[in-house]
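To start, the structure under review is shown below, and the notes come after it.
Remember, it's 1-based here, ligands and their atoms both numbered in the order they're listed. It should be emphasised that the depicted structure is a prediction, and the values quoted were computed from it without experimental measurement.
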Amino acid sequence: MIKKYILHILSLLLLFSCQEQQPAPSILWGGEMHNSNASTPESIDASLDLAVSLGFNSVLAPVSWELLEPVQGQFDFTLVDYLLKAADKRDLYLGLLWFGTWKNGESSYPPLWVKADTATYFRAPTCVAEKTSPISPFCAAAREADVKAFKALMAHLKMADKTRRVRCVQVENEVGVFAERDFSEAGIKAWEESPWSRSDDPLAPQYFMAEAYARYVDYVAAAGKEAYDIPLFTNAWLAPADKAYGKYPNGGPRVAVLDVWKKNAPHLDWLSPDIYGAELKEMCAAYGEGQPLFIPETNCQAGRFWYALGEAGAKGVFGFGYEEHFDNPYYTAECKVISEMLPLIAEGHPMRGFVRIDKKDAPDAVETLALGDYTFNVHCIEGEKNAHGIIVQTAPDEFTIAGVGAWIDFGPRVQIAFCEELRDDKRWQVLNGDETGHHNMLYLRGRLNIPEDGPYYGLSYQRRFRPAYQELFKVSGIYRIKLYNL
Ligand code: DGJ
């Protein structure tokens, strides 16, 4: 009897130990931690708890050189190990951000033994008086020191990240110099010896600096990849080609110099844009060409996520500093809707997405999106702040649509055959009549922010346009529709 009991326990133990971890998601979605939130176990826990409650599948988290190698040659992996365990415990995936020689064009993250020794680790004087000079990209000593630390980090990850939580690593962060060029002695010499100094192209200093930074970052990336071969990338502080020098870090992988980066940094798997402005759509197109689109930083605004995932086919998109938005009800509620849709999005169906990003867009603007044999005319509702959505085609006549702030018609002679609203993957209501214009349109009325046990939970959604109900904000709803031709 006892033997049988023990055998039973042993087989249960075996079963649990053999249970495979779910495969990593093919699309990473979530937030980038605020810069200092991976610097203690306590703040790692707080940030990751919030990530879980927002429904993220992944988080981008900084690893700072100064905390990793406070004393030259002595590496402290305590925080990295803590982060790996904390993510594993919560079933979250990670992208790590190597804040090495540069972050936002500055050099505040190298350890003090690097920063204080400006003779060995020399600087690139900038043309902006109030900025301290960053380390020069022509400083071989800095490059060698950075490489040692980054390689140690990657070798450690290979050994310590048993459940493969880390899916990618960003090498440095928004590199570049706030100047036309690097005016250190080495920088001037390199310029004089470079063919770019004899070019008539007004962008020559930008190409020259991009080449310098790309080679430095690639050198670091190559060593890291040799230690542990997982996807590596770096990110750009965006700025148009003609923006005045000194106003952005010149040399980073901006659109104007993307080709220079692609040529000089072959060990990076892709180059990423940090998109904070109205240029979302153009930047998705520029950075999605010939490489995966991966957006490590954007505003915590849901429409950006829907567009990046649905229309631009992003493989990764993250809201920067999501911790600051914990009390923004639109954002937190919309994150839940995205997490409900993500498994379907990741199945790789044909998709479209839309967002009304530019507030100057005509209020009655109609966007026509073709998908399969159908046409979706998306009308943004006047005065709506949040007009955005995604359309996923799951069968020739069937679509799952998430969105808010717009209504969609399907052109002449096409009607809705069936329409239901989903919540938590279950039917919430079957929609018809007023709610679908008698099946001539899909009205993205969105979800109301009403407590489920509140008295108004079942009210007609049309009421949300009445002044008394304006306070009841709405976020994207999820609708499943079938269309037919008349
Ligand atoms: C871009 C940087 O990459 C981030 O680390 C952060 O500093 C944001 N800008 C601004 O908050």
Side-chain angles (χ1 to χ4, degrees), residues 28 30-40 43-44 47 50-51 56 58-68 79 83 94-110 126 128 130-132 134-135 137 146 150 168-178 210 213-214 216-217 220-221 232-240 243 246-255 257-258 261 268 270-280 283-284 287 293-301 304-305 308 314 316-326 328 331:
L28 301 180
E32 177 168 317
M33 271 189 192
H34 224 297
N35 296 165
S36 308
N37 287 352
S39 62
T40 62
S43 58
I44 288 174
S47 284
L50 178 61
F56 294 172
S58 47
V59 165
L60 301 184
V63 174
S64 105
W65 186 6
E66 66 174 346
L67 297 179
L68 191 84
L79 271 177
L83 185 61
L94 294 169
L96 298 186
L97 314 171
W98 172 237
F99 287 1
T101 308
W102 300 288
K103 186 209 172 267
N104 297 32
E106 312 271 5
S107 295
S108 64
Y109 279 87
T126 71
V128 186
E130 67 270 18
K131 295 238 175 237
T132 44
I135 289 169
D146 190 324
F150 187 64
C168 55
V169 179
Q170 180 186 289
V171 189
E172 315 292 341
N173 187 84
E174 293 190 348
V175 302
V177 64
F178 289 87
Y213 278 100
Y216 189 121
V217 173
V220 177
L232 300 178
F233 67 101
T234 200
N235 59 333
W237 170 324
L238 300 175
K243 187 150 180 158
K247 301 273 183 211
Y248 67 92
N250 177 22
R254 295 154 47 246
V255 175
V257 295
L258 263 186
W261 268 85
L268 295 179
W270 65 81
L271 301 161
S272 283
D274 291 345
I275 314 178
Y276 286 99
E279 71 280 23
L280 173 76
M283 291 303 120
C284 282
Y287 285 83
L293 175 64
F294 188 97
I295 307 170
E297 296 181 36
T298 191
N299 314 56
C300 290
Q301 292 163 354
R304 292 173 175 266
F305 302 128
V317 55
F318 298 83
F320 177 76
Y322 63 93
E323 299 95 325
E324 273 186 55
H325 302 271
F326 73 96
N328 174 342
Y331 171 68

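S272 pairs by the side-chain hydrogen bond (donor to acceptor under 3.5 Å, both in side chains) definition with W270, not counting sequence neighbours. For N299, the side chain to side chain contact (heavy atoms under 4.5 Å, CB included) partners two or more places apart in sequence, or in a different chain, are Y276, Q301, R304. Residues that satisfy the side chain to side chain contact (heavy atoms under 4.5 Å, CB included) test with L50, not counting sequence neighbours, are S53, L54, Y322, E323, F326.
Under the 3.5 Å distance criterion, the side-chain polar atoms of S107 are matched with a main-chain donor or acceptor of I135. No donor-acceptor pair under 3.5 Å is formed between the side chain of E174 and the backbone N or O of G176.
With values rounded to the nearest 0.5 angstrom, C168 atom SG is found 4.0 Å from F294 atom CZ.
Residues lining ligand 1 at a heavy-atom distance below 4.0 Å are given as N35, K103, N104, N173, E174, D274, Y276, E297, F320, ordered by chain and residue number.
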